[in-house]
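Within every chain, numbering begins at 1; the chains are lettered A, B, ... in the order of the sequence lines, protein sequences first and strands thereafter. Computed over heavy atoms, backbone and side chain alike; hydrogens, waters and symmetry mates excluded.
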Amino acid sequence: MTGFPPTPAQKAGRLLLVVFGVLFCLFLIGPILAFVPMAFNDVAVLHYPIQHFSLRWFRALFASSDWSRALLNSFLVAAGTTFLALLIGVTAAIGLWRWRSAGKDALMVLIMTPMIVPSVIGATSMYFAFARVGLDYSYVGLVLAHCAFAAPIVVVTVSAALQRFDGNLLRAAASLGAPPLLTFRRVTLPLILPGVVSGAVFAFAISFDDVVAALFLAGPDQRTLPVQMYMRSGDLFDLVIAAAATVMLVIAISLMAVLLFVRRGDRLRQTGAQGAAH
Amino acid sequence: MDPIVRFQNICKTYDGRSQVVRDLNLSVERGEFLTLLGPSGSGKTTSLMMLAGFEMPTSGEIYLDNKPFSGLPPHRREIGMVFQNYALFPHMSVGENIAFPLQVRRLDRQEIVTRVRRALDMVQLPGVIDRKPAELSGGQQQRVALARALVYEPAIVLMDEPLGALDRQLREGMQIEIKSLHQRIGVTMIYVTHDQQEALTMSDRIAVFNGGVIEQLAVPKTLYDVPANAFVAGFVGENNLLRGRLARRIGDEGEVDMPGIGLIRGRLGEVAEGQPVVLAIRPEKIALGTGSCPPGEGNRLSGNLIERIYLGDQTKLTIQLPDRQTVTVKAGSLLFDAAEGPVNVSWAPEDGIVFAA
Amino acid sequence: MTAVHADGALLQPAEAKRLARRLARSERSARLSALLLVTPLLLFLLMVFIGPLLMMLSRGVRDAEVAQALPATVLALRNWRHDAPIPDAAFRALADDLAKAHTPAAVADAAARLNYALPGLRAMLMSARARMRNLPVDPRAFFVGLSPRWDDKETWSAIRQASGPLTDFYLLSALDLRRSSTGAIEAVPAGESAFVQAILRTFGISFGVTALAILLGFPFAYLMATTGRRMAGVMMLILLLPFWTAVMVRVLAWSMLLGREGIVNDGLRSLGLLSQPLDLLYNRTAVLVSLLHIFIPYMVLPLYSVMKTIPTSQMRAAASLGAPPAMAFRRIFLPQIVPGLAAGSLLVFIHSLGVFVVPAVLGGPREQGLPVLVVNYVTKTPNWGLAAALSMVLLVSVYLLYWLFVKLTKTVTPSVSAR
């Protein structure tokens, strides 16, 4: 960043900075990775080094009806949330992209509401309202609640993709004789697909991550994995919880991988398009 | 008088294998306008950066007023610099940008105000003192960068392709302005560019860089009229480079054998008989005739006119020779009417120069 | 012909009007199609989120229970001033109202509401209703006979102040204030309530997290911005892995690490460095560290992207103009970082204000802020009015900060692009 040869003092400072960076990286991933080996340990205490490799906690996880039900619920609710959030989020993003009149910012602020309101307040509000119409303790209620948190982020990611989308392409497609719907399917959608996929990943992650809304809105039958973990968080002797956390970690890494893959492809395509400029 | 800056045996490598600058020796005279000209990757910018202190030479030494220089950090070198994209500080107003070097030097407030005003007048930009750089046009930003580099009166000002981002008309205006500024205040300017036209317009002397070495260091006229080698001949100004083999030496002239065409005479550079050579002939030195060959001394070739480009004040004609090489001829715009087909070209032997290929 | 049309002055008035109409129509249809596309999301959010939110918040200013259960009493007290004696009509009306309440449930909500304002009033009301076989001849004697507090103006003041339809009772309570029996706003006695303390605690923790995030996030972002491309990519991955891991997993990770039976204690004990386990959890430090771990990307990402926009040539220019490195850093680099720093700080602050799981699982009693209180008043000791009022306090703070964020960053998205 300085852009010129360092003095000895600067070199020492740099070394210090690098040491800090390494320690901070440890702080970032250490705690997350520290419990993973415990999930594969044969004994029921959090103890290093690992004595015997075993999958008993994972077997227990999938054998327990509570835990396996929670895992299934998490997937069901996240899938429903993703579908619904994409449906209304992508539509709205395209509408906003076409929005030429005033009031777009105010509209965006309104749409962002669920991202700003603390989740506790949102969750209690929905609990309060859903109870009146019998939607509490139901899958539908839970999906609706998660979708409220997830739809705005779909709008954000798809809007970002649309911002880079050249409106002239629509005119070009029209001049070549393509009707609007065909243009959307063959031109618009493929180009904004990275934004749509990111939105889907975010929506899935938000639903999968949520504790607070599920704590209020899920009955015993709809209990999701994070809620199950929350309920059991007092009892760390039960290492099934470490196994469950490991499963969630694997899911997080997969989601991140999908996102990185999509972004990289997107970036490659963009640099390819700019080709000559660079 | 001693040179103000002297590069002595400077080498620079980034990866330890390929050398960006190879054994550079260069003296800069006090008060001159020296241009480092070359294609990208030729080492001209690296040399400038080593002088500014942003890069360290791998070996060799740079002297300022005969004192070794490379140990000094950039902020203590007292060298002004104008960057490619101006590097104006976006969070400061124009006035604050220009005042910055004066504040660093702890001048008193009144003095700073006076000097900033004077610097803005000097670059003919009064009345923008409170604006932010982003509110100015490219040309205006360029002037501010210039004012900022000159305001603390450094003995040397370095410029790294400062006009590259401007459009052609603005660029030509700025060339004249920088040139006259240089003549007025007598500062030593070292200017990096890849634009040979710009170099010819502005410089007292030009150093042509290629592959990390200086191919030729000369005043513009010498560079144009008497290029030292084929690279300089091709890079500075437009030139036809015809390939052949040196058949015979006749005093300071030679005869080049071009298969299918015959023998062509030209001034000799350092070449031995039998060697493959390049004969350089400027387009404007070539005369064009149609029909029968015009009489007279010199080289006479016949060929086919295959392309005409109308340039307004003149016409550029491309003629294909029997051996498929082409020559470009610049002629008056009336010749645009010349019909495509067989033509004759001729030029005086002393206008062509023969280099080793 | 086109040349004539391009010159607007030559258009015939009728034709100009026709063109204008056609333009307006095409613009209207474009606007309409945009609106139609946005509508599903808007309707969804209004019905599922914004509507319920407003409904819940309205509980913080509504006062319907007492007016519903004791309509005659409310009417009788309408014109009573605190400096006047308690009117006989009020006693009679209350006796009427209670006599009409055939089951305890009919006055239970009102009794609960009155008890918030004046502890003990619930019991007084419920027992009066239970003894109300038939209308007493002397209602005043009947009530005072049950409890001498029925002769207190404070009791009747509480009923009158709770008669609705709107109230500032909950909002005042959320700020440790109340109305005296004369109606003036006063502070609640020290030790009775501690909402202000909880509010300050919430802000204190958020402030601490933000300060830590700046302190540690700045050098990290700087290192990322100044290192090579590959290294920066690896650092980005390491930064984003926790970001993508579920909050619950991160919280559990910390408790497995720091708990009394956790990995750190176990390690230290098996190394013989400890005989008794250390209490590393359920304190301020554990909450701060864990929140920092969760929210640090919100600081690093904006900082990093601002730092990346400062070209090397600017630092070189500063040096060539004579500024030593420290000065160039302070006068050229830092000022340009400020927007990223502000955005990052606000994001961290906003998100820390609303966090529930971390203090609930990793904090002790002294780490429980507003969100935990809201949850408690919804589930453990239900008091929707107070929960709503506390939510309002939290929401107003969050929106003020968000407004600042929009002003400073000119974007409405309160998030970072996790690249």
Side-chain angles (χ1 to χ4, degrees), chain A residues 1-4 17 20-21 24-25 28-29 31-32 34-35 46-48 88-89 91-92 94-96 98-101 105 108-109 112-122 124-126 128-129 144 148 151 156 205 208-209 211-212 226 229-230 233 236 241 245 248-249 252 255-256 263, chain C residues 30-31 34 37-38 40-41 44-45 48-50 52-53 55-56 216 219-220 223 225-226 238-242 244-250 252-257 259 261-263 266-267 312 315-316 319 325 354 356-357 361 371 374-375 378 387 391 394-395 398 402 412-415 419:
Chain A
M1 184 55 59
T2 53
F4 36 82
L17 192 63
F20 161 80
F24 199 73
C25 283
L28 284 172
I29 49 171
I32 297 179
F35 67 78
L46 293 160
H47 183 73
Y48 272 109
I88 57 177
T91 322
I94 291 172
L96 283 166
R98 289 203 194 163
W99 196 276
R100 293 284 175 270
S101 29
D105 275 354
M108 272 308 265
V109 169
M112 290 302 122
T113 312
M115 289 178 72
I116 301 152
V117 173
S119 55
V120 162
I121 299 179
T124 49
S125 303
M126 289 188 277
F128 180 69
L144 288 178
V156 170
F208 219 87
D209 196 345
V211 195
V212 179
M229 289 169 77
Y230 179 81
S233 61
L236 294 182
I241 211 165
M248 289 197 78
L249 191 62
L255 288 176
M256 208 172 123
R263 300 270 164 116
Chain C
R31 257 205 304 272
L37 288 168
V38 182
L41 176 67
F44 173 83
L45 286 181
V48 169
F49 197 88
I50 298 173
L53 179 68
M55 234 163 77
M56 202 275 269
L216 300 170
F220 192 75
L223 188 65
T226 53
I238 290 176
L239 186 70
L240 289 184
L241 179 63
W244 277 92
T245 310
V247 172
M248 202 55 230
V249 173
R250 282 181 276 179
L252 283 178
W254 281 107
S255 65
M256 284 190 254
L257 199 63
E261 311 294 331
I263 296 168
D266 175 75
T312 315
M315 303 312 280
R316 289 183 162 186
F356 163 73
V357 176
V361 177
V374 169
V375 170
V378 170
S391 296
L394 188 55
L395 215 51
V398 166
Y402 173 60
V412 294
T413 315
S415 181
R419 305 194 309 133

Considering only heavy atoms, which portion of C:Leu45 lies under 4.5 Å from any heavy atom of chain A: side chain, backbone, both, or neither?
-> side chain
Please tell me if the side chains of C:Arg31 and A:Arg98 come closer than 4.5 Å, counting only heavy atoms from C-beta onward.
-> no
For C:Tyr402, is it the side chain, the backbone, both or neither that has a heavy atom under 4.5 Å from a heavy atom of chain A?
-> side chain
Among the listed options A:Pro226, A:Gly21, A:Ser119, A:Pro114, the residue most often paired with chain C at heavy-atom distances under 4.5 Å | A:Pro114
Using a cut-off of under 4.5 Å on heavy-atom pairs, state which of C:Gly354, C:Pro40, C:Ala253, C:Ala34 scores highest against chain A.
-> C:Ala34
Going by heavy atoms in the side chains, are A:Trp99 and C:Leu37 under 4.5 Å from each other?
-> no
Distance-minimising heavy-atom pair for A:Asp209 and C:Met248 = OD1-N, 4.4 Å
C:Val48 versus chain A, heavy atoms under 4.5 Å apart: side chain, backbone, both or neither?
-> both
Residues C:Ser391, C:Met56; criterion side-chain contact (heavy atoms from CB on, under 4.5 Å); working and verdict | CA-CA 9 Å; C:Ser391 296; C:Met56 202 275 269; 3.7 Å; yes
For chain A, the option from C:Leu216, C:Val374, C:Val361 that forms the most heavy-atom pairs under 4.5 Å = C:Leu216
Would you mind telling me which of A:Val156, A:Leu144, A:Ile94 has the largest number of heavy-atom pairs within less than 4.5 Å of chain C?
-> A:Leu144
Which region of C:Leu241, side chain (C-beta onward) or backbone (N, CA, C, O), has a non-hydrogen atom less than 4.5 Å from a non-hydrogen atom of chain A, or is it both or neither?
-> both
In sequence, state the C-alpha distance, the side-chain angles, and the governing distance for C:Leu252 and A:Phe35, and then conclude on side-chain contact (heavy atoms from CB on, under 4.5 Å).
-> CA-CA 9 Å; C:Leu252 283 178; A:Phe35 67 78; over 6 Å; no
Are side-chain heavy atoms of C:Val398 and A:Val117 found at a separation under 4.5 Å?
-> no
Of the backbone (N, CA, C, O) and the side chain (C-beta and beyond), which part of A:Val212 lies under 4.5 Å from a heavy atom of chain C, both, or neither?
-> side chain
Could you tell me which of A:Ala129, A:Gly95, A:Pro118 has the largest number of non-hydrogen atom pairs under 4.5 Å with chain C?
-> A:Gly95
Using non-hydrogen atoms only, which part of A:Phe20 is less than 4.5 Å away from chain C: side chain, backbone, both, or neither?
-> side chain
Measure distances from C:Leu257 to the heavy atoms of chain A and classify the residue's part below 4.5 Å as side chain, backbone, both or neither.
-> side chain
Pick whichever of C:Gly267, C:Ala246, C:Ala387 has the most heavy-atom pairs under 4.5 Å with chain A.
-> C:Ala246
Do you know which of A:Val211, A:Thr124, A:Ile116, A:Val109 has the most heavy-atom pairs with chain C at a distance under 4.5 angstrom?
-> A:Ile116
Taking C-beta and beyond as the side chain, do C:Arg250 and A:Pro31 meet within less than 4.5 Å on heavy atoms?
-> no
Heavy-atom distance under 4.5 Å between the side chains of A:Leu255 and A:Phe208, does that happen here?
-> no
Shortest non-hydrogen pair, A:Ala148 vs C:Phe49, comes out as CB-CD1, 3.8 Å
Go through the atoms of C:Val378 and report whether side chain, backbone, both or neither lie under 4.5 Å from a heavy atom of chain A.
-> side chain
Between C:Pro242 and A:Ile29, the two heavy atoms sitting closest are CD-CG2, 4.5 Å
